Amino acid sequence: MHPFARSRNGRELARAMKREEKRRAPRRVAKPADIPMIVRADYCLSPLDAIFTQLELRGELDCLPDGTPIFTAMDGHTYPIHGAVDGVAEFFDQWAIRNGEVLELAPLRQLAKRLEYGMPIGWMLLDDVKALMPALRRIAGRMRPDEASGLILGTQIKAELEAAQ
């Protein structure tokens, strides 16, 4: 029983109840959780992982009837691999320029060109790209969401400008 419940004066009980309500923690509205950048980095680099997995397990890539290599993205749609790999290279190239870092992306660009023109992909090239992957994952995992959004927008703008030419 509350200590003031025995009191003749109901005002004391009312004041005590108000004080107790003020002391209680306010209700917090649950916000939707942001996807951690390390997960977003995995989405970004998944085309490269798809290439490695397919080539190591089967020795070939999934292709359209016209021979264009494709991959299935996290959203379930299929896209040409060469465009995705080139987009990843452009994304990290813009990051390197904005941050004044040196990032050797030549193996990634060479892989994109070989995929685009249907040229054979050597194991040496794949090893070079695999060696680059930990650095790309580290960079993408530490990136702020607003920085990543700006880089994605810059990459999309460049792709649209190149497509218009």
Side-chain angles (χ1 to χ4, degrees), residues 26-165:
R27 271 201 149 157
R28 295 182 187 203
V29 178
K31 292 189 252 179
D34 278 338
I35 299 172
M37 283 307 293
I38 197 159
V39 175
R40 292 181 188 188
D42 190 49
Y43 291 160
C44 176
L45 298 173
S46 65
L48 297 175
D49 290 332
I51 292 170
F52 300 146
T53 303
Q54 287 181 28
L55 288 175
E56 288 172 352
L57 295 178
R58 299 188 325 219
E60 60 186 26
L61 296 171
D62 293 333
C63 294
L64 293 174
D66 67 353
T68 304
I70 58 170
F71 79 101
T72 304
M74 300 282 187
D75 61 4
H77 295 91
T78 56
Y79 300 98
I81 289 180
H82 69 85
V85 174
D86 193 42
V88 169
E90 183 59 35
F91 178 87
F92 285 104
D93 191 34
Q94 285 188 21
W95 176 87
I97 291 168
R98 289 183 186 184
N99 291 288
E101 299 283 333
V102 176
L103 193 58
E104 184 57 42
L105 297 168
L108 206 52
R109 294 205 184 272
Q110 188 178 6
L111 177 64
K113 288 299 179 192
R114 285 179 181 241
L115 288 166
E116 184 177 5
Y117 295 115
M119 297 173 61
I121 300 167
W123 291 108
M124 247 175 139
L125 177 60
L126 277 179
D127 289 340
D128 290 345
V129 175
K130 278 185 183 181
L132 186 61
M133 291 297 288
L136 300 182
R137 286 192 190 286
R138 186 182 70 250
I139 291 166
R142 293 180 180 167
M143 206 174 284
R144 293 184 326 274
D146 60 329
E147 181 183 13
S149 296
L151 290 168
I152 290 170
L153 183 61
T155 302
Q156 290 171 336
I157 290 170
K158 184 174 182 199
E160 291 295 325
L161 288 173
E162 287 176 355
Q165 290 179 353

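These numbers come from a predicted model, not from an experiment.
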Straight-line distance of Thr155 OG1 to Glu160 CD, nearest 0.5 Å: 12.0 Å

Nearest atoms (heavy-atom pairs only) where Pro69 meets Cys63: CA-SG, 3.9 Å

Atom of Ala112, atom of Asp86 and distance for their closest heavy-atom approach: CB-N, 3.9 Å

CE on Met133 to CG on Leu45, rounded to 0.5 Å: 4.5 Å

Those residues that, when tested against Glu147, pass side chain to side chain contact (heavy atoms under 4.5 Å, CB included) (two or more places apart): Trp95, Asn99, Met143, Arg144, Leu151

From Ile70 atom CD1 to Thr78 atom OG1, the distance as rounded to the nearest 0.5 Å: 4.5 Å

Gap between atom CD of Glu104 and atom CZ of Phe92 - 0.5 Å precision: 15.0 Å

side-chain hydrogen bond (donor to acceptor under 3.5 Å, both in side chains) partners of Thr68, counting only residues at least two apart: Asp66

Residues forming a side chain to side chain contact (heavy atoms under 4.5 Å, CB included) with Thr53, sequence neighbours excluded: Leu57

Side chains of Leu103 and Ile139 in contact at under 4.5 Å (non-hydrogen atoms): yes

Separation between CG of Leu132 and CG of Leu108, rounded to the nearest 0.5 Å: 6.0 Å

CG on Asp49 to CZ on Phe71, rounded to 0.5 Å: 11.0 Å

Side chains of residues 115-128: which donor-acceptor pairs under 3.5 Å do they make with residues two or more places apart or in other chains?
residue	atom	partner	partner atom	Å
Glu116	OE1	Lys113	NZ	3.4

Contacts of type side-chain hydrogen bond (donor to acceptor under 3.5 Å, both in side chains), residue Asp62, not counting sequence neighbours: Gln54, Arg58

Nearest non-hydrogen partners of Val85 and Leu111, listed with the distance: CG1-CD2, 4.3 Å

Qualifying residues under side-chain hydrogen bond (donor to acceptor under 3.5 Å, both in side chains), relative to Glu90, sequence neighbours excluded: Gln94, Arg109, Lys158

